[in-house]
Amino acid sequence: MIRRLYAIADADARRRLTTYLVLSAVAIMLVSTALVLLIPLIRALFSDDPAQALPSVIAIAAVGLAAMTIEIVSGMYGERTGAVLILRMHEVIGERIMRLPIGWFDSERIGTISALTSRGVTFAANAPNSFLRPVWQATVGPLVVATAVVFIHPVIGATMLLGGIAVVLVWRAVRAREQRFRLRSDQMNEEGTARVLEFAAAQPAVRAAGPDSLAERSVRAALREQRAAAERVLAQSNRSMALYNVVAYAVLLIVVVLDVWQVGTGELDAPTFVALLAMQILGTWFAVHGLPFGEGLDMSNRTLDQIDRLMTAPVLPEPDAPARPVDARIEFDDVTFGYSADSPVIRGASFHVPAGTMTAIVGPSGSGKTTIARLIARFFDVQSGAVKIGGADVRALGTAVTLAQLSVVFQDVYLFEDTLRENIRLGRPDASDTEVEDAARRAGVIEIAERLPQGFDTPVGESGGTLSGGERQRVSIARALLKDAPIVLLDEATAALDIESEALIQQGLADLSGHKTRVVIAHRLQTIRQADQIVVLDGQGRIEAAGSHDELLDASPSYAGFWAERSGTLNWRIDAG
Ligand SMILES: Nc1ncnc2c1ncn2[C@@H]1O[C@H](COP(=O)(O)OP(=O)(O)OP(=O)(O)O)[C@@H](O)[C@H]1O
């Protein structure tokens with residue numbers, strides 16, 4: 001574990017960790033030495049001249065005082081080292097999260113990161129002070145004592161050493177068994193956390209679904225599993241403790257019987273017997289009370305495993321010298337992609353979006369429209385073929401250059417815990433207040449600001465939840481207008497918007513259009529009709545047809561059917577209204 005902490009730590013944390021470990025080792029050696037000094041002390045006390053015990057008393061007091069002082073200092077140092085390590089781990093995790101492909105983050109993994117950063121990191125960073133130290137004390141103390149006894153009475157000393165080894169072996173075996181139960185329990189915890197996060201985020205839908213909805217049932221099932229796994233761990237832990245204590249005290253009993261026998265045969269004098277007994281009882285006490293802290297070490301190791309998995313999760317390769325796009329055209333060149341390698345969602349797709357034109361992507365639900373937008377934004381890399389922007393493969397452009405070409409207006413707009421102004425400024429962090437407000441005006445956000453108590457300076461954070469769905473999308477359009485990137489990726493809202501939002505969003509989008517290249521996951525007939533090109537997905541991952549509205553009406557029976565169905569529904573709605 002220490003090696004793994006060193007690997008994560010920076011130079012400062014490494015130095016602190018080394019100092020802490022050295023101080024702890026010295027304190028433990030001193031405590032063990034004080035134990036060994038009991039032998040001359042007790043022998044002197046039982047001698048004809050008990051005053052001879054004075055040097056031993058002074059030595060024990062001096063060693064004990066030194067041990068206590070170093071323990072206090074190392075304890076304080078350990079806490080500070082833990083705090084430095086927590087910061088460092090958060091830094092390392094944060095840096096990695098920034099590099100992971102956006103597609104990596106699903107609710108399970110977010111649950112893991114949440115558990116890792118809230119509890120796991122604190123646990124692992126404090127492990128040297130909280131767990132490693134008692135375990136060292138429990139192993140080093142009895143070992144030093146047994147080694148000292150070898151010089152006084154080799155048979156008893158060797159028995160103590162062998163007994164100690166037996167205790168450690170049993171301890172390792174029960175830990176390994178417990179570990180399996182704990183791993184399962186951790187999985188259940190992560191699953192439970194993910195379900196609860198999902199449940200909290202989906203509250204509007206959950207409430208609309210009424211009591212005992214699928215979401216509620218799935219959270220309840222996950223929490224039930226979590227509790228059952230925790231109970232299994234607890235039961236196993238109790239069994240392990242019992243077994244381990246029985247073995248430790250059995251070893252003590254064997255050693256004491258041996259002591260008594262040796263006294264009987266005259267091999268051991270009474271003072272040495274008393275001294276050995278005291279040391280053996282104290283040594284057993286250290287082992288019985290210290291070794292169970294090994295469970296904390298296991299838990300910390302599991303956190304470090306999770307950090308390892310995060311650190312080794314594949315990141316998208318980034319080019320050393322990113323290519324530059326020559327314009328804002330987009331090409332899909334025989335692209336195949338699936339979220340898992342064996343089930344492609346897009347199969348051999350090829351199409352071309354000339355710079356400055358609009359392409360609408362249409363197709364049945366689940367046909368891969370959003371996936372196409374994600375591939376353009378390089379949330380994932382394709383399995384074969386190439387996605388190109390401005391003539392260059394997005395893998396050669398790298399994520400940063402690719403994203404710099406894009407303004408993305410998707411349906412789930414995230415608002416950060418900050419003011420309306422700063423939430424718009426996210427589009428271009430160096431934009432002036434005037435530029436932010438100009439973009440806000442063009443996207444119809446001024447009307448929102450006027451309604452809010454502190455205007456643009458009103459906090460509209462995620463938990464504030466002060467904005468409606470349509471208003472959030474307007475903020476997203478304002479961000480895109482401010483960014484002014486040459487390509488716009490837009491997922492048109494399917495949810496019904498109020499008339500004001502709808503009109504303002506249309507106006508904002510029209511403003512966004514200008515001479516930009518636009519790829520729209522289109523749901524509105526008006527948008528589809530206006531597109532220079534419509535790419536029709538067939539529901540099997542293939543592009544069924546591509547062309548203008550009029551061309552497709554003639555050439556693609558499924559597009560003609562789709563259009564007839566949609567416009568029929570629209571007419572029906574209008575007639576019904
Ligand atoms: N993150 C993901 N992990 C695994 N599978 C996914 C993921 N996102 C989408 N899929 C699957 O990929 C397929 C295409 O999904 P996609 O969201 O691209 O379709 P869509 O056409 O945009 O659907 P809709 O119109 O319903 O939004 C679906 O089968 C979906 O279940």
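Below, all heavy atoms of this structure are taken into account, side chains as well, without hydrogens, waters or symmetry copies. Whatever order the structure lists them in is the order used to number ligands and atoms, beginning at 1.
Ion pairing of Asp298 with Arg302 is absent here, as no side-chain N (NZ or NE/NH1/NH2) approaches a carboxylate O to less than 4.0 Å. Classification of Lys369 and Asp491 as a salt-bridged pair fails, no side-chain N sitting under 4.0 Å from a carboxylate O.
Side chain of Arg474 to main chain of Gly444: a donor-acceptor pair is present (N/O by atom type, distance under 3.5 Å, no hydrogens or angles). In this structure, the side chain of Glu551 engages the main chain of Ser548 through a donor-acceptor pair within 3.5 Å.
Taking atom 26 (O) of ligand 1 as the reference point, the nearest protein heavy-atom neighbour is Ser365 OG, 2.6 Å. Atom 9 (C) of ligand 1 has as its closest protein heavy atom Tyr339 CE1, 3.4 Å. At the shortest separation from atom 25 (O) of ligand 1 among protein heavy atoms lies Lys369 NZ, 2.8 Å. The shortest contact between atom 15 (O) of ligand 1 and any protein heavy atom is with Thr371 OG1, 3.8 Å. Counting only heavy atoms of the protein, atom 22 (O) of ligand 1 lies nearest to Thr370 OG1, 2.5 Å.
Taking every non-hydrogen atom of Pro364 and a distance limit under 4.0 Å, the qualifying atoms of ligand 1 come out as 21 (O). Listed by atom number, the atoms of ligand 1 under 4.0 Å from Arg374 heavy atoms are 8 (N), 9 (C).
Across Asn423, Leu467, Val460, a single residue satisfies side-chain contact (heavy atoms from CB on, under 4.5 Å) together with Arg472, and that is Leu467.
For Gln533 and Thr359, the side-chain atoms include at least one donor-acceptor pair closer than 3.5 Å.
Within 6.0 Å of the CZ atom in Arg451, the count of heavy atoms belonging to other residues, nucleotides or ligands exceeds 12.
The shortest non-hydrogen separation linking Ser407 to Lys483 is OG-CB, 3.9 Å.
Contact annotation: for Val345 versus ligand 1, heavy atoms closer than 4.0 Å belong to the side chain alone. Looking at Ser340 against ligand 1, nothing comes within 4.0 Å, counting heavy atoms.
Among the atoms of Gly366, some N or O lies under 3.5 angstrom from an N or O of ligand 1. In terms of polar-atom proximity, defined here as any N/O pair under 3.5 Å, Phe380 makes no such contact with ligand 1. Between His523 and ligand 1, no pair of N/O atoms sits closer than 3.5 Å.
For the pair Gly368 and ligand 1, a heavy-atom separation below 4.0 Å is found.
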Mind running side-chain contact (heavy atoms from CB on, under 4.5 Å) on Leu403 and Arg378 for me, showing each step along the way? CA-CA 8 Å; Leu403 289 176; Arg378 208 189 177 214; over 6 Å; no

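Closer than 4.0 Å to atom 30 (C) of ligand 1 lies none of the heavy atoms of the protein.
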